[in-house]
Amino acid sequence: MHEYYMLSYSEEHEQAEWLAYELKKEQLTLDDRKRPYFIEDPKVRSKSADWRNYKGSGFDRGHLCPAGDRRFSKLAYNETFYTSNIAPQDRDFNAGLWNRLEMKVRSWCKQHGHLYVITGGILEDGLQEIGEEDVDVPNYFYKIVCRFDGKRPKALAFIMPNREFGKPLEGFLVSVDELEKRTGIDFFYQQSQEWQQTVESKVRTNGWDF
DNA sequence: CTGGTAAAC
DNA sequence: GTTTACCAG
């Protein structure tokens with residue numbers, strides 16, 4: 001549990017199985033910040049994987065909580081450079097499809113003012129591993145974006161392959177039910193108390209009209 | 001924006 | 001080993 005996001009770390013896969021954060025309109029600033037080093041997450045007791053596992057692997061250290069969403073303060077920005085917040089991503093995917101989704105999330109946030117985001121790689125058996133600590137390379141990444149229309153939660157869920165297709169985001173929309181099956185995570189019961197207060201019922205896909 | 005990396009310190 | 005400056009998608 002960090003100041004500006006929370007996560008559950010999988011020691012087996014050496015990355016977060018899920019990571020959740022709130023994004024508010026007023027947090028979308030354009031402050032210019034110096035990119036820090038990736039360091040171990042001080043709050044992961046089992047030690048989050050060292051960044052050197054990624055060196056020479058051919059994979060990006062892809063942010064789960066984007067640095068671009070956390071420019072409003074130095075702490076918020078630097079927190080995204082803990083190695084608990086990154087996963088191996090294909091370069092073209094990270095700079096392409098994944099980046100376009102992150103930009104779309106910021107655009108939705110500007111429209112609606114307040115969003116909740118849950119994201120991570122789909123962690124399975126038999127994944128490719130990199131580095132001395134065997135960091136798993138997910139074949140797919142997912143993201144749930146949720147907002148509240150009055151009391152009713154509205155959510156969009158995505159599953160994207162860890163490579164670039166050049167396809168529009170709509171092509172990767174899925175239902176939350178399917179996402180739960182694929183990840184093995186129950187997105188209702190796994191949340192913290194604070195989160196549960198807000199998310200009172202399971203979010204359901206509501207189509208592209210978000 | 002998303003990042004890597006060579007060169008300098 | 002760490003930081004800066006520059007580079008590409």
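Numbers restart at 1 for each chain; the letters A, B, ... are given by sequence-line order, proteins then strands.
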Ring-face cation of A/Lys167 near A/Phe165 (centre distance under 6.0 Å, axis angle within 45°): yes
Sugar-phosphate only, base, or nothing, as touched by A/Glu102 at under 4.0 Å among non-hydrogen atoms: sugar-phosphate
Side-chain N or O of A/Asn94 closer than 4.0 Å to phosphate OP1/OP2 of B/dG3: yes
A/Met103 CE - C/dG9 C1' separation (whole Å): 11 Å
A/Arg147 NZ/CZ over A/Tyr116 ring centroid, <6.0 Å and within 45° of normal: no
Separation of atom NZ in A/Lys55 from atom C1' in C/dG1, rounded to whole Å: 10 Å
Sidechain N-carboxylate O distance under 4.0 Å for A/Glu11, A/Arg45: no
A/Lys34 vs C/dT3: side-chain N/O to OP1/OP2 distance below 4.0 Å: no
Nearest to side-chain heavy atoms of A/Asp92, which nucleotide of C/dG9, B/dT2, B/dG4: C/dG9
Whole-Å gap separating C1' (B/dG3) and CG (A/Asp69): 16 Å
Rounded distance in Å - CZ (A/Arg33) to C1' (B/dG3): 19 Å
Residue-phosphate contact under 4.0 Å: A/His63 side-chain N/O, B/dG3 OP1/OP2: yes
Whole angstrom value for the distance that separates P of C/dG9 from CG of A/Leu97: 18 Å
A/Asp60 CG to B/dG4 P, straight-line distance once rounded to whole Å: 5 Å
Rounded interatomic separation in angstrom, taking CZ from A/Phe141 and P from B/dT2: 15 Å
Value in whole Å for how far the P atom of B/dT2 lies from OH of A/Tyr77: 7 Å
5' precedence on DNA chain B between A/Asp32 and A/Phe59 (nearest-nucleotide basis): A/Asp32
Any A/Arg35 side-chain N or O less than 4.0 Å from OP1/OP2 of B/dT5: no
Toward the 5' end of DNA chain B, by each residue's nearest nucleotide, A/Tyr54 or A/Asn99: A/Asn99
Phosphate-side-chain proximity, A/Arg61 and B/dG4, N/O vs OP1/OP2 below 4.0 Å: yes
Sugar-phosphate, base or nothing in reach of A/Gly62, heavy atoms under 4.0 Å: sugar-phosphate
Salt-bridge contact A/Asp149-A/Lys154 (side-chain N to carboxylate O under 4.0 Å): yes
4.5 Å side-chain heavy-atom contact, A/Lys143 and A/Ile118: no
